[in-house]
Amino acid sequence: MGLLDNKTAIVTGSSRGIGAEVAKILAGEGAAVVVNYRQKAPRANKVVSGIQEAGGRAVAVGADLTTVEGVQALASAAMEEFGSLDVLVLNASGGMESGMEEGYALKLNRDAQLNMLNAAVPLMPEGSRVVFVTSHQAHFIDTVPTMPEYEPVARSKRAGEVALRELLPNLEEKGISLVVVSGDMIEGTVTATLLDRSNPGAIEARRAEAGKLYSVEEFAAEVAKMVTADVESGHTEYVGGADYFGKSA
């Protein structure tokens, strides 16, 4: 018996990286998983076929979470494909990409997260769990400066976390818990690659400062743990980056 047998999970931004790994772990624990992508259909389909080959259940759903249609499509897919929605992992984030419109980071990292949660909540039974994935660079942005290139993203992700936390009382009424996972910079993620490109040596410097950086797989395992962890709603799970602690957030 898996921890998540007969449960359905949506993992946003799960065609690659942390999201893809989280989707695989949850499927391995018995969950039916809705794998979400914005543009990378072949990658998402590969994640799904990997899960299916391992005996799990998954479906790929293309949805741009900055649109109402995208959010609705993703929430509906869980119900239509698997008949329930018990877990929502808010992993999609961005804002470092080039060529995005003004305010895109806030639109994706705050507004889309809220809209996704609000679309999911009416479908989620008591005992459901929401996990929001963020970074120390964002979580501690008000007390610890970050690299200038990352600051707009960090501020928008912090705004997203604050907005989600404002919904805690409403979630509590429905018996839904929210857990935040905050990670140090992760080796091999898109964000880390983009940061290193705009600020060469940034990753190396952070690694030296922190002593160790988590890999995508290691961090994903920590995120997945929080889906079933016995923690209070509103709990923040810190992964790596011990030098941040003791700084109020």
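Remember, predicted model here, so these are calculated numbers, not experimental data. Numbering of residues begins at 1 and proceeds along the displayed sequence.
Remark: E218 engages K212 in a salt bridge, criterion side-chain N to carboxylate O under 4.0 Å.
Across G19 and N91, no two heavy atoms sit closer than the pair CA-ND2, 3.3 Å. In terms of heavy-atom proximity, E21 sits nearest to A220 at CB-CB, 3.3 Å. M185 approaches L213 most closely through the heavy-atom pair O-CD2, 3.5 Å. V131 approaches M226 most closely through the heavy-atom pair CG2-O, 3.9 Å. The two residues Y37 and S15 have their closest heavy-atom pair at CB-CB, 3.7 Å. The two residues G13 and A92 make their nearest non-hydrogen contact at N-CB, 3.8 Å.
Using a 4.5 Å heavy-atom cutoff, the side chains of V48 and V59 are not in contact. Residues N118 and V71 form no side-chain contact, since every pair of their non-hydrogen atoms from C-beta on lies 4.5 Å or further apart. Contact annotation: the side chain of V35 never approaches that of N45 to less than 4.5 Å [non-hydrogen atoms, C-beta and beyond].
Tested against T236 for a side chain to side chain donor-acceptor pair (under 3.5 Å), the candidates R165, E161, H139 yield a single pass: R165. With D184 as the fixed residue, the side chain to side chain donor-acceptor pair (under 3.5 Å) test singles out one of R206, H136, R207: R206.
Side chain of K157 to main chain of Q137: no donor-acceptor pair is present (N/O by atom type, distance under 3.5 Å, no hydrogens or angles). In this structure, the side chain of S156 engages the main chain of P152 through a donor-acceptor pair within 3.5 Å. Remark: side-chain polar atoms of Q52 are paired, donor with acceptor, to backbone N or O of A58 under 3.5 angstrom.
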For side chain to side chain contact (heavy atoms under 4.5 Å, CB included), just list the numbers for V89 and I10, CA-CA rounded to whole Å, side-chain angles, deciding distance to a tenth of an Å, and then say yes or no.
CA-CA 6 Å; V89 179; I10 289 175; over 6 Å; no

Take S177 and R129, measure what side chain to side chain donor-acceptor pair (under 3.5 Å) needs, and give me the verdict at the end.
CA-CA 5 Å; S177 54; R129 168 73 46 96; 2.7 Å; yes

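With values rounded to the nearest 0.5 angstrom, L167 atom CG is found 11.5 Å from E173 atom CD.
Hydrophobic clustering (ILVMFWY, side-chain heavy atoms < 4.5 Å, transitive): V181 and V87 are in one cluster. Linking ILVMFWY side-chain heavy atoms closer than 4.5 Å, directly or via other members, places V227 and I18 in a single hydrophobic cluster. Linking ILVMFWY side-chain heavy atoms closer than 4.5 Å, directly or via other members, places L90 and V61 in a single hydrophobic cluster. Residue I25 is not grouped with residue V231 when hydrophobic side chains (ILVMFWY) are merged at heavy-atom distances under 4.5 angstrom, including chains of intermediate members. Hydrophobic clustering keeps L114 apart from V11 (ILVMFWY residues linked when any side-chain heavy atoms are closer than 4.5 Å, directly or through intermediates).
Under 3.5 Å, the side chains of T8 and S84 contain a donor-acceptor pair of N or O atoms.
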